[in-house]
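One is the number of the first residue; the rest follow in order along the sequence. When a ligand or atom number is given, it counts from 1 through the structure's own listing order.
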Amino acid sequence: MNNTVSVEKKEIYDSRSGIAARVSGGNGDKWSQSLQSVFELALESQGPERTARLLEKLADQLRAAPHGVNTPYLNTIPPEQQAPFPGDREIERRIKSYIRWNAMAMVVKANSTTNVGGHISTFASSATLYEVAFNHFLRGRTENFPGDIVYFQGHAAPGMYARAFLEGRLDERHLQNFRQELAEGGGLSSYPHPYLMPDFWQFPTVSMGLGPIMSLYQARFNRYLQARGLMNWKDEPKVWAFLGDGECDEVDTLGAITLGARENLDNLIWVINCNLQRLDGPVRGNGKIIQELEGLFRGAGWNVIKVIWGTDWDDLFARDKSGLLLKRMEECVDGDFQKYTVEPGSYTRKHFFGKYPELLELVNHLSDEQISKLLRGGHDARKMYAAYKAAVEHKGQPTVILAKTVKGYGLGEAGEGKNISHQQKKMNEKELREFRERFKIPISDDVIAETPFFRPPPDSPEIKYLLERRKTLGGFLPERKVTAPPLDVPKLDAFAEFFKGSVTEASTTMAFVRLLTILLRHKGVSRNVVPIIPDEARTFGLDALFKDIGIYSSKGQLYEPVDSKSLLYYHEAKDGQILEEGITESGSMASFIAAATSYATHGVPMVPFYIYYSMFGPQRVGDLFWLAGDIRAKGFLLGATAGRTTLNGEGLQHQDGHSLLHAATIPTCLPYDPAFAYELAVIIADGLRRMYAEGEEIFYYLSLYNENYAMPPMPGGVEDGILKGLYKFKPGPEILGKGRADLPVGQDAQQRVPDIKAHIFGSGPIINSALKAQEILAERYGVSADVWSATSYKLLRTDAIRCQRWNMLHPTQPPKKSYLEELLAKEQGTFVAVSDNIRTVPDQIAPWVPGGLFTLGTDGFGRSDTRAQLRRFFEIDAESTVIATLYALAEKGQIERQVVEKAIKDLGVNPEKIQPQIV
Ligand SMILES: Cc1ncc(C[n+]2csc(CCOP(=O)(O)OP(=O)(O)O)c2C)c(N)n1
Ligand SMILES: [Mg+2]
């Protein structure tokens, strides 16, 4: 049998082109009938098990063969199965040409007077992909339908603007100010940025790879909303993502595609613009990107539709009975195909067809010019229509369309198919004329050098056609509309239990879990809460929620969980509320973003709480954090197990001391570092109010820690300070008498200097270092130190900068004072800050602290050890805080330097210990 299989395999491969050609020529049925009868014969004579083994063996050999999981380098949809194109091709072509022209003109104009950049070639290659989709498939939002969700390729933005111009949504001034957003009257953002154009763009895509991963999780989130009854679509929206072939090298693009098949996301369609080029040159000069992607997607369980060749090639394939045409296609690598684009038709005749006499003959009837114009599939509206139609009708799997195109299509000498194509931003007059002629743009010679925009009048057949198409499809796209109703968020008293404090020790993570439980029972928000976890629920104590609210699974729970008898069993359910993402921080962030923008995308406000190991937050998926700002995400990110010393034992890779700084860089993010349960409650309650009752488009980042300690009751009147970033938590003792601070330890406190005053800002669990230092300073050194809780250095800084700037620009008016300045103006003394984060976190406010701020922090790499050891190592424990405070006082001449030296000795700190900072 082995022999037979090899013979079959050899025949199949030797004549593969022939088979493929015959299949595409319409003889496929005969082949499948023959194979079917062989299969039935085998079943009869060998029985099912042996037949299955034989088939499996055959499949293995096929997989190991040069093509692997690929199909031949042909269109997936043969011409005879192609759905007919229903549109008016002539009008659509003219519309597309005008859009092409305006998209090009925007960039050329912008760069003729300024150097602001822009891209022509990406859209030039994808114009047909978009136009067919806009005229026939992409559905806008209507009263009863939320609209399809579309991720546009970032560098194709000029094409979307140019279309909106024809649609009458943008005017000439907008186009004129492309990439000049600060120009009078505003301009258009370089790429899709909802932050900058909140009525237009929905999804930022320009950082390669983020569009793809967001679209995957968005498609899954749509199913989640439906499963939980939060949306009820008769007609499910599709999620479309237009991507680049170079973009597929990003791990974010391909790293999660199995989710699509696993979740049967037939609501998801990816359109990959395979122009074979990226920025510097070919994507796979020595291979074939389309085949590589096909293999990957097929392997991952997707429906793959290749659109390689245009209609012109159908006739050539049909006439080629030898299979040589396909063989020649398969011999060529992408570098060759790029060359055929750049060179004239005579070159292609000689080097491509000329390899085999039969092929030369096949194109005898074509002139060189006709050969050079043989279209690739992605430039053929009929082929693209058929592909889209097949994609929207496909059931059970997501679809990827691999459309072959030419980068810079239509630019001719200016950059068509050239390696410099991506960067081409200028066109000279000759190139402009050629472009005009090629696409028949009615612009006269005398103005062409100015690259004027062209828009036919509103009653022209083109504009009427275009508007009618969009009306039929439900409205314009892209368009961002916020229609979500406010939520009835809990008032502060819903969290009253946190304000009483507790002697039972708890961590802020435990407090958060308790708080989440309260929200899950609050009638105003319970259904909208979306807990998101990347396989770390047990670490944070969130497994307590498994049973109550369930883990979302589109398949429900097909098995009996091993822990079914326990109270907290692993409970998966079709309407589960938790998104348990497994080990994918990028995927979890993509889910967070889908939930965090549901207020705008679906008109349903969702409240995501994404809790994760803080070290694997912005440090790992920082670009998605940044995107969360741009996309106007609302929700809570919770960096748990935070703190370079609080997370003991785990060592260098796990101990986070800088996420707060990352978070501080995102303009719409409010980072908080709460120390106590009541602070957490005040911050979250206010966040809910601001985002979901008042409609602010901001999000929160909170550090959560895993150290247990007694949670104190909330002092009176501190809510405002908690939210603004700083308040006095515990004043230092009043120290009487006129003694000297350099007196030996144990001497009568009455004799110590009363007016040596210090202030220690502490955050997170390190506030406990500050509190202990407060005691030591008072008892042993006669220094009274007030302890403050610093909940957000970023917010203090932003407010201070705002006032400083106003004062600078209004120099003769009475100066404004920031919250921080007003607060500290009432205080005397020396200021010290201690944190489980790097010093740069507290240093953010240093310029506004009277007399400066002396900071202690955890700069350097973490270590595996106990908290006590780590805090001594990084010099943020109570003893180190005492020494730092005394030193800061000595620096100001308020105490003798010998006092500091003595304290170092008394408190057992080794002055020669290794320094944690490195360079
Ligand atoms: C994460 C990221 N890295 C790099 C870039 C810079 N960049 C912009 S476009 C581009 C090439 C895009 O090629 P491809 O995806 O093939 O798109 P095409 O323009 O060819 O359609 C690069 C490298 C980026 N935008 N994002
Ligand atoms: Mg490309």
Report yes if the side chains of Lys383 and Trp309 come closer than 4.5 Å at any heavy-atom pair, otherwise no.
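A side-chain contact under 4.5 Å is absent here.
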So, do Thr311 and Leu375 sit near enough that their side-chain heavy atoms are less than 4.5 Å apart?
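Thr311 vs Leu375: side chains apart.
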Which atoms of ligand 1 sit under 4.0 Å from any heavy atom of [X]?
| X | value |
| --- | --- |
| Asn273 | 21 (O) |
| Val206 | 24 (C), 25 (N), 26 (N) |
| Asn275 | 18 (P), 20 (O), 21 (O) |
| Ser207 | 1 (C), 26 (N) |
| His422 | 9 (S), 10 (C), 11 (C), 19 (O) |
| Gly244 | 14 (P), 15 (O), 17 (O) |
| Thr122 | 18 (P), 19 (O), 21 (O) |

Looking only at the side chains, is there a donor atom on one of [X] and [Y] sitting less than 3.5 Å from an acceptor on the other?
| X | Y | answer |
| --- | --- | --- |
| Tyr613 | Arg620 | no |
| Gln619 | His658 | yes |
| Asp630 | His193 | yes |
| Trp270 | Ser215 | yes |

Does ligand 1 come near enough to Val283 that some N or O of the ligand is less than 3.5 Å from an N or O of the residue?
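For ligand 1, there is no N or O atom that lies under 3.5 Å from one belonging to Val283.
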Using a 3.5 Å cut-off on N or O atoms only, is Arg278 in polar contact with ligand 1?
no
Ring-face cation contact, [Y] with [X], 6.0 Å cut, 45° max:
| X | Y | value |
| --- | --- | --- |
| Lys109 | Phe453 | yes |
| Arg163 | Tyr98 | no |
| Lys288 | Tyr73 | yes |
| Arg632 | Phe699 | no |
| Lys404 | Phe337 | yes |

How long is the gap from CG on Leu254 to CG on Asp249, to the nearest 0.5 Å?
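Between atom CG of Leu254 and atom CG of Asp249 there are 8.0 Å.
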[atom] - nearest protein heavy atom and its distance:
| atom | value |
| --- | --- |
| atom 14 (P) of ligand 1 | Gly246 N, 3.6 Å |
| atom 8 (C) of ligand 1 | His155 NE2, 3.0 Å |
| atom 15 (O) of ligand 1 | Glu247 N, 2.9 Å |
| atom 17 (O) of ligand 1 | Gln153 NE2, 3.1 Å |
| atom 2 (C) of ligand 1 | Met208 CG, 3.5 Å |
| atom 11 (C) of ligand 1 | Leu279 N, 3.6 Å |
| atom 18 (P) of ligand 1 | Lys407 NZ, 3.2 Å |

Sub-4.0 Å heavy-atom approach of Gly209 to ligand 1
no
Tell me whether His119 reaches ligand 1 (any heavy atom closer than 4.0 angstrom to a ligand atom).
no
Would you indicate whether Glu437, at its atom CD, is surrounded by more than 12 heavy atoms from other residues, nucleotides or ligands within a distance under 6.0 Å?
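Atom CD in Glu437 is crowded, with more than 12 foreign heavy atoms closer than 6.0 Å.
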Side chain, backbone, both or neither: which applies to Asp245 and ligand 1 if a contact is any heavy-atom pair less than 4.0 Å apart?
both
Closest approach to the Mg ion (ligand 2) by Asp245, given as the N, O or S atom name
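In Asp245, the heteroatom (N, O or S) nearest the Mg ion (ligand 2) is OD1.
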Using the benzene-type ring in the case of Trp, are the ring centres of Tyr161 and Phe165 under 6.0 Å apart?
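Not under 6.0 Å, so no.
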Hey, is atom 6 (C) of ligand 1 touched by any protein heavy atom at less than 4.0 Å?
no
Please determine whether Asn275 has a backbone or side-chain N, O or S atom lying under 2.8 Å from the Mg ion (ligand 2).
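Yes, since at least one N, O or S atom of Asn275 sits under 2.8 Å from the Mg ion (ligand 2).
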N/O/S atom of Thr122 inside 2.8 Å of the Mg ion (ligand 2), strictly under
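Looking at Thr122, which is the residue asked about, there is no N, O or S atom under 2.8 Å from the Mg ion (ligand 2).
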